[in-house]
There are 2 protein chains.
Amino acid sequence: MRAAVHRAVEELLAEEVGDGLTIPAVAARAGVHATTLYRRWGSVGELLADVATSRFSGDVVVPDTGSLRGDLQRWAADVATDLADPDVLALMRATLGAGGEQGACACRGDREDQLAAMIEREKARGGTAPTVERTADALLGPLYYRAIFTGEPGSPDWARGLVDLLLPG
Amino acid sequence: MRAAVHRAVEELLAEEVGDGLTIPAVAARAGVHATTLYRRWGSVGELLADVATSRFSGDVVVPDTGSLRGDLQRWAADVATDLADPDVLALMRATLGAGGEQGACACRGDREDQLAAMIEREKARGGTAPTVERTADALLGPLYYRAIFTGEPGSPDWARGLVDLLLPG
DNA sequence: AAGCTAACGCAACGATCTGTGCGTTCGTGC
DNA sequence: GCACGAACGCACAGATCGTTGCGTTAGCTT
């Protein structure tokens, strides 16, 4: 039932409904009653934040290639591929608009945690690594900026190039 | 009259109305009739895109300090200060959600053009400069990412630090 | 097995939004 | 001076949304 609602939201977003993404519309598509949605989520914003949390958490596995550079390159390419999906873009834009602060953070998912995991692993290997903050600035910043604010999301190759600009050498 | 509507939109956004930003609400605040807004803009999304275009175009003057590093540092600090305003944040989030692709591009305003102007000036001086694309990745990316997706917009000092990471030396 | 709580379906109401037709006003060009 | 078109105010109607109250069902505890 929760799964049906989530699927209905993603389907409606994929159909360019724009501001037509309302509780009754989602309920009709999911085959449940609008009352249930009002009770469980209360508003479109909270529903979208919930969908975004599910969508952006755990969908990208943390790679383990043996080196920080390899890990980050693979991870950045995966994120770029994910952000290139128009449906994902529509979900993020709608969540940002209706979900406020909570929705915005939901769009990040656990991606900064994934960065922290890779950096921690490199340090455990005895290597040196930039801070999580700087890595987020150099990778997540451009990745999300291009996806959201420009019509052209970055390619996986371009994402890999970001890693080369971040790491020395 | 157009100015009154724009002011009404910004006021309502500053009041955390959330999804209560509707055409009738804006019309009542601006002292005009909703019919006029429906005819001129058609939807909240187009209205927000219009407001965003006005807000994000020409509000930051291109500095001229004599060096590319100085120009970029000053410009980045100005943009960071601008993005730290909660009202600006609310406007961007609402525009992203309701304005679709058009609204998203409106949030960039002419900031990439400003970057291009500074880079062009450095080249006219005979100096070397990174491409506009890479500069946007290194500056606009982190600036916008932190403002939109995290609750903590970057400080002007942090923004200046981004320039040092971009330029060699 | 009986009771209880939580969750969902259902119907109805009030409020709000979206869109249309008509009259008026203001500015422009002949 | 006069005709014309664009823009706005106004009132109204259809449609949709958000909310409440009640009945029913499923699952869990005792």
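Because the structure is a prediction, the values reported are computed rather than measured.
Both B:Tyr38 and B:Leu12 belong to a single network of hydrophobic side chains, linked directly or stepwise wherever heavy atoms of I, L, V, M, F, W or Y lie under 4.5 Å apart. Note on B:Leu89 and B:Leu48: separate hydrophobic clusters, where clusters join Ile, Leu, Val, Met, Phe, Trp and Tyr whose side-chain heavy atoms are under 4.5 Å apart, directly or indirectly. In terms of hydrophobic clustering, with Ile, Leu, Val, Met, Phe, Trp and Tyr side chains grouped at heavy-atom distances under 4.5 Å, B:Phe56 and B:Leu13 are assigned to a common cluster.
Scanning DNA chain C 5' to 3' for nucleotides with an atom closer than 4.0 angstrom to a non-hydrogen atom of chain B gives a first and last hit of C:dC17 to C:dG21. Here chain B contacts DNA chain D (any atom closer than 4.0 Å to a heavy atom, that is under 4.0 Å), and the contacts span D:dC8 to D:dA11 from 5' to 3'.
Across the interface with DNA chain D, nearest-nucleotide mapping of A:Pro24 and B:His33 shows B:His33 to be the residue nearer the 5′ end.
Checked against side chain to side chain donor-acceptor pair (under 3.5 Å), B:Asp87 has no partners two or more places apart in sequence or in another chain.
Under the 4.0 Å criterion applied to side-chain N and carboxylate O atoms, B:Arg55 and B:Asp82 are assigned as salt-bridge partners.
In this structure, the side chains of B:Glu46 and B:Arg40 stay at 4.5 Å or more apart for every pair of heavy atoms. Taking 4.5 Å as the limit, some side-chain heavy atom of A:Arg121 sits within range of a side-chain heavy atom of A:Asp71.
In this structure, B:Phe149 and A:Tyr144 have perpendicular ring planes: the angle between them is above 60°, well past the 30° mark.
Using a 4.0 Å heavy-atom cutoff across all strands shown, A:Arg39 reaches at least one base atom of the nucleic acid. Looking at heavy-atom distances under 4.0 Å, B:Thr35 makes contact with a base.
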